[in-house]
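Taking it in order: structure first as C-alpha cells, then the write-up.
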There are 2 protein chains.
Amino acid sequence: MSLNPSKPSRGRPKTLDREHVLDVAMASYWKEDIGNLSLNEICRRCDISKPGLYREFLNEDGLMKAVILKYHQEVLSPVQQMLSTDAAFRETLDNLVLFAASINDSQGAPKGCLLIKMREAQMHLGEATRAQIDLIQEQAIATYKKWVERSKAKGEFTADMSAEFAASYIDAQLSHASSQLARGEDPQLVKRILMAALSILK
Amino acid sequence: MSLNPSKPSRGRPKTLDREHVLDVAMASYWKEDIGNLSLNEICRRCDISKPGLYREFLNEDGLMKAVILKYHQEVLSPVQQMLSTDAAFRETLDNLVLFAASINDSQGAPKGCLLIKMREAQMHLGEATRAQIDLIQEQAIATYKKWVERSKAKGEFTADMSAEFAASYIDAQLSHASSQLARGEDPQLVKRILMAALSILK
DNA sequence: CGCTTATTGTACCGACTGGTATTTAATTAG
DNA sequence: CTAATTAAATACCAGTCGGTACAATAAGCG
C-alpha cells in the first residue's frame, strides 16, 4: 500500500540503509565478543550517527532484536525448512550435522550459531532480544519434535525415547557443537563429537 | 620459614582478608553475570577499598586468576581425584554424572561449573586468567584420558574409540551439561541428556 | 619521642558506555 | 518564495569502568 518503493514522501530523504546496518551489526555480533561491542562501535562501522541508529531501532535492545530476527530469516529458516521435507531421517540428520559443523576457515569468518552465542552471552540482553531468542528456540524445538514424530511414523526413527526428549537432545547437541566452534575448537573434532552423540538416535 | 604465622612484622598490620575476598568474588562470579561484575562491585561486597584489592591481586586479571585457582583447588580437584581411584568405570561415570548434574535448588545457589562459565564468557578475560583456564582444562582432559586408558586395560571400557577421543567426548558432554545448568535449564532434563550422551561409552 | 615501614582509604583520572537535546540540512506542499 | 516536514549529525549528558596518586594511619625499632 503506502509502502510503495517509489514514495515521494515529505521531508528530508532517508539515507540510512537499514539492511546495511543490520548486515554490519550481525556480522559484528557473530564474529566478535558481543559484550564488548558497543553501539558507538556499530555506528562507527556503519558510518552512521548514533541518533540515526536510535531513530531506526529505538535502542540497543531493538537493534539486537532486529539482528537476531534477520539471522533467523536468513540462516535458520532454511534449516527448519529442511526438517520439513520428506527426506529419510538419516539423510536429514546428516544434513543437520553438515550444517552445524560447516567449516569456514576463512579468516574472520563467523563460527558457530549467532543465536546460540547470544543465548550464552550472560550479558544483559534487552527484554525484546531475550524474548525473540526464546521464541526462535521454542520454534526450533517444536520443529525437531515434529520431524522426529514424522520419522517415527515412517519407521525411520526407532530409538527408544519420546519425540519430546529426542528434540531436546538434538537441540542440545547441536547447540553444544555451535558453542565449541564459536570458542575456536577444532571443527573436525567438534564434528566427530557431534556425530558420536547423535549416533544414539540410529 | 619466614612465613611464620605469628610474624610481628613492621608496618601497619594487614586487615585485608585475602581468603574472604576470594570467597566473595568466587561466589559472585559463579552466581552472576561475570561480564557485568565490576571490580567496584566486588570491593563494595567485600567492604574493602579498590587500592587494597589492587595491592593484593595486581589487577582484575590477577583476581580472576586467583579465583579460578581457588575454584580448581576446592571444587575440581576432588573430582579429579575420584577419577584416579580404582573404582569400576561405570561407577565412576555415575559419580561424574551425579557431580555434574548435582542439583542445588536453593535460591541463589551457583549452577554449573565456574570454570566452564568463565571459558564461555566471551568477555575479555585477562591473559593470566585465560592461561590458567586453559591449563586446568588440559589437566582435566589428561585425567579423563588416563582414566579411560586404565578402564580399557581393565576391560571395563569396551566402546570402539580412542582414549583421546573418549576424553574429549566426556569433557564436551560434561561441559555442555554445566552450561545448560548455568543457563537455568531443568536439572532433570539436563541429567537425562547427559546420561543419554554418555550411554555410548557403555 | 621520632623514624621507618607497610597498609589503609579518599578522591581522583581518562576512557567509554547507552542515550538524548538541539541544531542543521534536504525535501515537498502550497 | 515560505512553511512544514523529516532526517541528519554535533555535541553533550550522567554513570560506570579499570586503574592510580597520595595522604592518613598503625605498627615496630631506636
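Proteins get letters first, then strands, A, B, ... in listed order; numbering begins at 1 in each.
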(message) Tell me whether the side-chain N/O atoms of A:Ser49 come closer than 4.0 Å to OP1 or OP2 in D:dA8.
(response) no

(request) Report the distance from atom CD1 of B:Ile42 to atom P of D:dG19, rounded to the nearest whole Å. (result) 13 Å

(request) Could you state the atom-to-atom distance from CZ of A:Arg44 to C1' of C:dT17 in whole Å? (result) 11 Å

(message) Quick check on D:dA7: is either OP1 or OP2 less than 4.0 Å from any side-chain nitrogen or oxygen of A:Thr15?
(response) no

(message) Given the structure, check if the side chain of B:Arg10 and the base of C:dT4 hold any donor-acceptor pair shorter than 3.5 Å.
(response) yes

(request) Give the rounded distance in Å between these two atoms: CG of A:Asn36 and P of D:dC17. (result) 14 Å

(request) Show your working on side chain to side chain contact (heavy atoms under 4.5 Å, CB included) between A:Leu96 and A:Ile170 and close with a plain yes or no. (result) CA-CA 10 Å; A:Leu96 218 45; A:Ile170 294 167; 4.2 Å; yes

(request) Could you check whether the rings of B:His176 and A:His176 sit parallel, tilted or perpendicular, using 30° and 60° as the cut-offs? (result) parallel

(message) Within the 3.5 Å criterion, strictly below it, is a donor on B:Gln137 or B:Asp171 matched to an acceptor on the partner's side chain?
(response) yes

(request) When you get a sec, tell me which of C:dA21, C:dA26, D:dG19 is the closest nucleotide to the side chain of A:Pro13? (result) C:dA26

(request) Return the value, rounded to whole Å, for the distance between atom CG of B:Leu125 and atom C1' of D:dG18. (result) 15 Å

(request) Ignoring backbone atoms, establish whether A:Ser38 has a side-chain N or O less than 4.0 Å from OP1 or OP2 of C:dC16. (result) no

(message) Are the side chains of B:Ser168 and B:Tyr144 in contact, using a 4.5 Å heavy-atom criterion?
(response) no

(request) Tell me which of B:Leu16 and B:Gly11 sits closer to the 5' end of DNA chain C, going by the nucleotide each one is nearest to. (result) B:Gly11

(message) From CG of A:Asp61 over to C1' of C:dG18, roughly how many Å is that when rounded to an integer?
(response) 12 Å

(message) Quick check: on DNA chain D, is the nucleotide nearest B:Leu37 upstream (toward 5') of the one nearest A:Lys50, or the reverse? Name the residue that is more 5'.
(response) A:Lys50

(message) Can you measure B:Leu53 atom CG to D:dG19 atom P for me and round it to whole angstrom units?
(response) 10 Å

(message) Below the 4.0 Å mark, does C:dT8 have OP1 or OP2 next to a side-chain nitrogen or oxygen of B:Arg55?
(response) yes

(message) With a cut-off of less than 4.0 Å, is there a side-chain N or O of B:Arg12 near OP1 or OP2 of C:dG9?
(response) no

(request) Determine whether the side chains of A:Gln173 and B:Gln173 contain a donor N or O and an acceptor N or O closer than 3.5 Å. (result) yes

(request) For A:Asp47 and D:dA9, give me the distance from atom CG to atom C1', rounded to whole Å. (result) 11 Å

(request) Determine the contact category for A:Arg18: base if any of its heavy atoms lies under 4.0 Å from a base atom, sugar-phosphate if only primed atoms, P, OP1 or OP2 are that close, otherwise nothing. (result) nothing

(request) Return the value, rounded to whole Å, for the distance between atom CD1 of A:Ile48 and atom P of C:dG19. (result) 14 Å

(message) Can you see if the side chain of A:Asn40 gets near the phosphate of C:dC16 - specifically, an N or O under 4.0 Å from OP1 or OP2?
(response) no

